[in-house]
**Q** 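Got a structure for you, written out below as structure tokens; questions coming shortly.
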Amino acid sequence: MLRFFAVRVARAMLTIALVVTFAFVVLRLSGDPALIIMGPEAPPEVIAAFRKAWGLDDPIWIQYLDYFGAIARGELGRSMRDGRPAIQLVAERIPATLVLTIPALLLKLGIGIPAGILAALHRGSVIDRAVMAAAVAGFTVPSFVLGLVLVLIFAVQLGWLPSGGQDSWRHAILPIITLGIGGAAVLARFTRSAMLEVLGQPYVRTASAKGVAWRAVVTRHALPNAAIPTVTIVGFMVGTLIAGAVVVESVFSWPGVGRLLVVAVANRDLAVVQCVLLLVAATMVASNLVVDFLYGFLDPRLRTGTPAGAH
């Protein structure tokens with residue numbers, strides 16, 4: 001068991017290192033922050049002084065080593081725009097993002113799982129087809145399109161809700177719905193597949209043949225076993241809470257981490273972008289690590305490496 005967990009932790013750390021490395025290289029190949037921040041009309045000596053002050057005139061491998069050394073010391077750099085610590089700028093935006101993402105996650109779970117179970121229990125019926133049609137529609141429509149449609153209907157035409165901002169709880173309704181619908185659709189399809197697979201297992205048919213009530217078969221046998229693979233998709237959704245808010249926060253002008261990332265990328269504010277990406281990577285890796293640990297406890301074969309059919 002210790003070896004199982006140690007391997008998962010090592011893979012998680014390697015994944016974070018690769019993500020940070022990729023972001024570091026891509027950001028420095030995408031444009032000169034000095035030209036974007038100072039402006040192309042700035043005198044060459046001013047741009048040169050800016051590059052020197054922020055270490056941009058060093059070879060990229062030296063910048064890379066300096067950056068990882070700073071991370072090891074717990075320093076994530078400062079914003080090139082206002083000189084404030086990048087972690088402080090990001091931390092200020094996290095509460096606003098959580099105001100959207102946590103209710104959106106609850107919405108995904110509250111709609112997706114029951115809908116998937118309902119569709120599986122009525123396989124081939126009108127209910128099943130209706131749920132799957134709605135799930136396909138919710139999954140295929142991009143979040144920014146859904147957000148704009150909701151704004152057009154509920155903010156412009158009906159005037160029931162504001163179209164953007166963060167002045168009251170009413171401003172959060174449309175972004176939460178936009179974030180939640182797509183995830184609920186994915187979860188409904190995944191839950192339906194997991195339930196159908198479990199319902200077709202011999203032990204479920206045996207329980208039914210012995211006269212066990214169908215409700216008991218579903219609640220005692222089907223649901224607990226179908227929940228095990230569903231943990232994977234739920235863990236993925238938890239890991240993408242911040243990353244998934246980037247588009248929605250931009251559409252609704254919500255001052256969260258996602259919108260901060262968009263602005264920082266446009267301004268080539270390297271430290272802020274790297275800090276946000278590190279946060280996103282750490283969140284996703286941590287959620288996947290928790291899922292791996294849960295699997296390790298739920299299925300001993302994963303810890304021992306025993307094949308699924310071995311005894």
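Any value given below was found using the heavy atoms of this structure, including those in side chains, with hydrogens, waters and symmetry copies removed.
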**Q** Taking salt bridge (charged side-chain N to carboxylate O under 4.0 Å, His left out) as the cut-off, I'd like each qualifying pair that reaches into residues 175-193, sequence neighbours left out, listed once.
**A**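 Matches after skipping sequence neighbours: D128-R192.
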
**Q** Applying salt bridge (charged side-chain N to carboxylate O under 4.0 Å, His left out) as the test, list every pair that has at least one member in residues 230-258; sequence neighbours left out.
**A**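 Salt bridge (charged side-chain N to carboxylate O under 4.0 Å, His left out) check on residues 230-258 returns no pairs.
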
**Q** Mind checking the CG-CD1 spacing from L150 to I181? Nearest 0.5 Å is all I need.
**A**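 So the gap between those two atoms works out to 8.0 Å.
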
**Q** Same cluster or not: are M284 and V247 linked, directly or through other Ile, Leu, Val, Met, Phe, Trp or Tyr residues, by side-chain heavy atoms under 4.5 angstrom apart?
**A**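 In one cluster with M284: V247, no.
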
**Q** May I ask you to list the residues sharing a hydrophobic cluster with L18, side-chain cutoff 4.5 Å, ordered by chain and number?
**A**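 Joined to L18, directly or through intermediates: L14.
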
**Q** Give the minimum heavy-atom separation between M80 and R268, together with the two atoms involved.
**A**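 Distance-wise, the nearest heavy atoms are SD-O, 4.1 Å.
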
**Q** Looking at CH2 of W254 and CG of L174, how far apart are the two atoms once the value is rounded to the nearest 0.5 Å?
**A**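 Interatomic distance, W254 CH2 to L174 CG, rounded to 0.5 Å: 10.5 Å.
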
**Q** By the side-chain hydrogen bond (donor to acceptor under 3.5 Å, both in side chains) test, which pairs, at least two apart or in different chains, include something from residues 83-95?
**A**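 Listed once each, the pairs are R84-E92.
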
**Q** Please determine whether residues I102 and V99 belong to a single hydrophobic cluster, defined as Ile, Leu, Val, Met, Phe, Trp and Tyr linked transitively by side-chain heavy-atom distances below 4.5 Å.
**A**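 Hydrophobic grouping puts I102 apart from V99.
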
**Q** Under a single-linkage definition using a 4.5 Å side-chain heavy-atom cutoff for Ile, Leu, Val, Met, Phe, Trp and Tyr, are L179 and V186 assigned to the same hydrophobic cluster?
**A**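 No, L179 does not connect to V186 through the hydrophobic network.
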
**Q** Is there side-chain contact between I177 and I173, with at least one heavy-atom pair below 4.5 Å?
**A**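 Side chain of I177 against side chain of I173, heavy atoms only: contact under 4.5 Å found.
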
**Q** Work out which heavy atom in I176 is nearest to a heavy atom in P103; give both atom names and the distance.
**A**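 Closest approach of I176 to P103, heavy atoms only: CD1-CB, 3.7 Å.
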
**Q** What residues, two or more places apart in sequence or in another chain, satisfy salt bridge (Lys or Arg N to Asp or Glu O under 4.0 Å) together with R259?
**A**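 Scan of R259 (salt bridge (Lys or Arg N to Asp or Glu O under 4.0 Å), adjacent residues dropped) gives none.
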
**Q** Quick one: ring pair (Phe, Tyr, Trp, His ring centres under 6.0 Å) pairs with a partner in residues 59-110, sequence neighbours left out?
**A**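 Only F24-Y64, F24-Y67, Y64-F68 qualify under ring pair (Phe, Tyr, Trp, His ring centres under 6.0 Å).
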
**Q** Which residues, ordered by chain and number, are linked to M132 in its hydrophobic cluster, where ILVMFWY side chains connect at heavy-atom gaps below 4.5 Å, directly or through other members?
**A**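 Its cluster partners, ordered by chain and number, are L118, I127, V131.
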
**Q** Taking C-beta and beyond as the side chain, do F252 and L100 meet within less than 4.5 Å on heavy atoms?
**A**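 Side chain of F252 against side chain of L100, heavy atoms only: no contact under 4.5 Å found.
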
**Q** How long is the span from the CG atom in L278 to the CD1 atom in I87, to the nearest 0.5 Å?
**A**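 Atom-to-atom, L278:CG and I87:CD1 are 8.0 Å apart.
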
**Q** With the 4.5 Å side-chain cut-off for hydrophobic clustering, are W169 and F154 part of the same group?
**A**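 Same hydrophobic cluster.
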
**Q** Could you pull out the closest heavy-atom pair between A188 and A115, with the gap in Å?
**A**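 Smallest interatomic distance, heavy atoms only, reads CB-CB, 4.2 Å.
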
**Q** Do you know which two heavy atoms are closest between L76 and A86, and how far apart they sit?
**A**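 Nearest pair, atom of L76 first, then A86: O-CB, 3.8 Å.
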
**Q** Which value, rounded to the nearest 0.5 Å, describes the distance between L106 atom CG and T101 atom OG1?
**A**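 Reported value, rounded in 0.5 Å steps: 9.5 Å.
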
**Q** For V265 versus V273, what's the shortest heavy-atom pair and its separation?
**A**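 In terms of heavy atoms, the two residues are closest at N-CG2, 3.6 Å.
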
**Q** Using side-chain contact (heavy atoms from CB on, under 4.5 Å) as the criterion, list what pairs up with V126, not counting sequence neighbours.
**A**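 Testing V126 for side-chain contact (heavy atoms from CB on, under 4.5 Å), a comparison that skips the adjacent residues, returns R129.
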
**Q** Drop me the distance from L107's CG to L187's CG, to the nearest 0.5 angstrom.
**A**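 Answer rounded to 0.5 Å: 11.0 Å.
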
**Q** Looking at residues at least two apart in the chain, or sitting in another chain, which of them share a ring-ring contact (aromatic ring centres under 6.0 Å, His included) with F190?
**A**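 For F190, no residue satisfies ring-ring contact (aromatic ring centres under 6.0 Å, His included) once neighbours in sequence are set aside.
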
**Q** I'd like a table of donor-acceptor pairs (distance under 3.5 Å, sequence neighbours excluded) in which one partner is a side-chain atom from residues 155-163, with atom names and distances.
**A**
none

**Q** Looking only at heavy atoms, which two atoms of L260 and L89 are closest? And how far apart?
**A**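 Closest approach of L260 to L89, heavy atoms only: CD2-O, 3.8 Å.
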
**Q** Among all residues two or more places apart in sequence or in another chain, which pass the salt bridge (Lys or Arg N to Asp or Glu O under 4.0 Å) test with R81?
**A**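 Checked R81 against salt bridge (Lys or Arg N to Asp or Glu O under 4.0 Å); zero matches.
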
**Q** Would you say V149 and V141 make side-chain contact, with heavy atoms under 4.5 Å?
**A**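 No, side chains not in contact.
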
**Q** In Å, rounded to the nearest 0.5 Å, how long is the span from CG of L277 to CD1 of I16?
**A**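 If we round to the nearest 0.5 Å, L277:CG and I16:CD1 are 12.5 Å apart.
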
**Q** Not counting sequence neighbours, which residues clear salt bridge (Lys or Arg N to Asp or Glu O under 4.0 Å) with E197? List them please.
**A**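 Result, salt bridge (Lys or Arg N to Asp or Glu O under 4.0 Å) vs E197: none returned.
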
**Q** Please check if L109 and M195 belong to a single hydrophobic cluster, counting links between Ile, Leu, Val, Met, Phe, Trp and Tyr side chain heavy atoms closer than 4.5 Å.
**A**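 Yes, L109 and M195 fall within the same hydrophobic cluster.
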
**Q** Please determine whether side chain to side chain contact (heavy atoms under 4.5 Å, CB included) holds for the pair V90 and L279, giving the CA-CA distance in whole Å, both sets of side-chain angles, and the decisive distance to 0.1 Å.
**A** CA-CA 9 Å; V90 174; L279 174 64; 3.8 Å; yes

**Q** Would L261 and V280 satisfy side chain to side chain contact (heavy atoms under 4.5 Å, CB included), going step by step from the backbone distance to the final call?
**A** CA-CA 11 Å; L261 176 61; V280 171; 5.7 Å; no

